[in-house]
K.L.:
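Can you keep this structure in mind? I'll have questions shortly.
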Amino acid sequence: MTQTPDRPSMDCLPSVQGEDLQQSAAADKAELFDYREAANPIRSGLTEPIPYCSWGPELHASGPSGIIPLDLSAELGASGPATSPGLAAHFIRIEAGEGVRAAASATSSLFFVLSGRGICHCRETDQDTNIQWSEGDLFVLPSGGTPLLEASSTSVLYWVHDAPLLNYLGVVPSQPRFESTHYRGEWLRSELRKLAQKPGSANSNRISLLLANRDLPSTRTVTHVLWAMYGIVPSAATQPPHRHQSVALDLIIDCQPGVYTLVGTELNADGTIRNPKRINWQAGGAFITPPGYWHSHVNESGHPAYLLPIQDAGLQTYLRSLDIRFA
Ligand SMILES: [Fe+2]
């Protein structure tokens, strides 16, 4: 049986004039563009393109305990600290015996320990997490708590989270989507060594481990939003270019001078990058690889080099928009 709502009395109905005013207010923001003026708004003055940028290790080499944001929000036109439209990267320096709170309204927080030792305390919705970290460890935390990072020896961490994405959407996280997960440095180093020694690895496009979570089998990523790769660029390697629609916030874990990444938007007929920009690596430094740009790592240093790119490729994979391509 159809239910009919109670009709309000005539006194409660807005006057015809009031309805007109309301409709006119609702139409105030409506706007139309010729398709040619708005089909690609990624340009200067509108949706700003993602710039090339790199940051050196001097940012975290000394100074008091604190968070150092790698902030491009002014360049990106973002309303809060952001390194890419969806992600924010930071260095965190913590003096021995001190603590730093890493607060963010984010669904995913990833920490990589560049140096030092300590413990991360985080009270999440229904449990306490305590992660004892040392150099080379990586750990991820879901939404729901404000981690306190306490250093037992002076420490530097790289921290990436997705608060800029949530800020753009105008939302706050409502539930954790995975459990806190710890990838010990000793395990990562040993597994990467084994991978590098496998037959065929020398000819592979990348010699790298992708960090994944048993709770996220479909994306094979470190969180449902973030993607993390622990990789080696062997001495004398020139990796063939590839590209993807996820942005990369690359951390250089270790290298000697003479390692660099070539980045560009087009390929030559021989598969090399046309008019590439060269980004020199620095141990403990970071740089951006913009989405959709071809990139290739080259090692002329005579020593192996190690990197940790963090991307929004968990989200891009879920959206089926990752579009990874190899030259
Ligand atoms: Fe890449």
Side-chain angles (χ1 to χ4, degrees), residues 49-55 70 72 83-89 108 110 112 138 140 158 160 162 165 183 188 192 195-196 201-212 219-234 237-255 259-268 271-283 285-300 304-327:
I50 297 177
Y52 289 116
C53 198
S54 42
W55 295 268
L70 310 185
L72 294 177
T83 315
S84 77
L87 304 181
S108 304
L110 178 151
F112 178 79
L138 186 150
V140 287
Y158 184 59
V160 178
D162 60 355
L165 173 65
Y183 304 78
L188 293 173
L192 186 60
L195 179 65
S201 278
N203 300 322
S204 158
N205 183 281
R206 297 286 188 276
I207 303 173
S208 301
L209 296 167
L210 291 177
L211 281 64
T219 57
R220 295 191 161 176
T221 50
V222 71
T223 83
H224 59 308
V225 172
L226 298 179
W227 175 104
M229 188 194 93
Y230 176 54
I232 179 173
V233 183
T238 298
Q239 294 183 332
H242 81 187
R243 45 149 290 179
H244 34 77
Q245 289 308 114
S246 45
V247 72
L249 307 182
D250 296 270
L251 173 72
I252 302 310
I253 299 170
D254 193 25
C255 74
V259 192
Y260 54 92
T261 297
L262 300 175
V263 191
T265 56
E266 306 286 339
L267 289 182
N268 295 309
T272 57
I273 300 171
R274 187 174 303 157
N275 300 323
K277 177 175 175 63
R278 173 174 165 151
I279 300 168
N280 290 318
W281 289 21
Q282 290 179 278
F287 63 89
I288 289 190
T289 307
Y293 284 33
W294 294 100
H295 47 284
S296 161
H297 307 311
V298 183
N299 186 348
E300 297 174 346
Y306 297 87
L307 77 160
L308 182 84
I310 308 300
Q311 304 183 7
D312 52 2
L315 178 66
Q316 299 285 350
T317 299
Y318 176 70
L319 295 173
R320 280 71 166 177
S321 54
L322 183 64
D323 195 20
I324 185 161
R325 298 185 195 192
F326 299 88

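Quick note: numbers below take in every heavy atom, side chains included, and nothing from hydrogens, waters or symmetry partners. Read the numbers this way: they start at 1 and go in the same order the structure lists the ligands and their atoms.
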K.L.:
With rounding to the nearest 0.5 Å, note down the distance linking CZ in F287 to OH in Y260.
P.N.:
13.0 Å
K.L.:
With sequence neighbours left out, write down each residue that passes side chain to side chain donor-acceptor pair (under 3.5 Å) with R220, or none if nothing qualifies.
P.N.:
none
K.L.:
What is the number of protein N/O/S atoms located under 2.8 Å from the Fe ion (ligand 1)?
P.N.:
3
K.L.:
Return the minimal non-hydrogen interatomic distance between R206 and P240, and the atom names on each side.
P.N.:
NH1-O, 3.3 Å
K.L.:
Of all residues at least two apart in sequence or in a different chain, which pass the side chain to side chain donor-acceptor pair (under 3.5 Å) check with N268?
P.N.:
T272, R274
K.L.:
Classify the ring geometry of H242 against H244: parallel below 30°, tilted from 30° to 60°, perpendicular beyond 60°.
P.N.:
perpendicular
K.L.:
What pairs with S84 under side chain to side chain donor-acceptor pair (under 3.5 Å), at least two apart in sequence or on another chain?
P.N.:
none
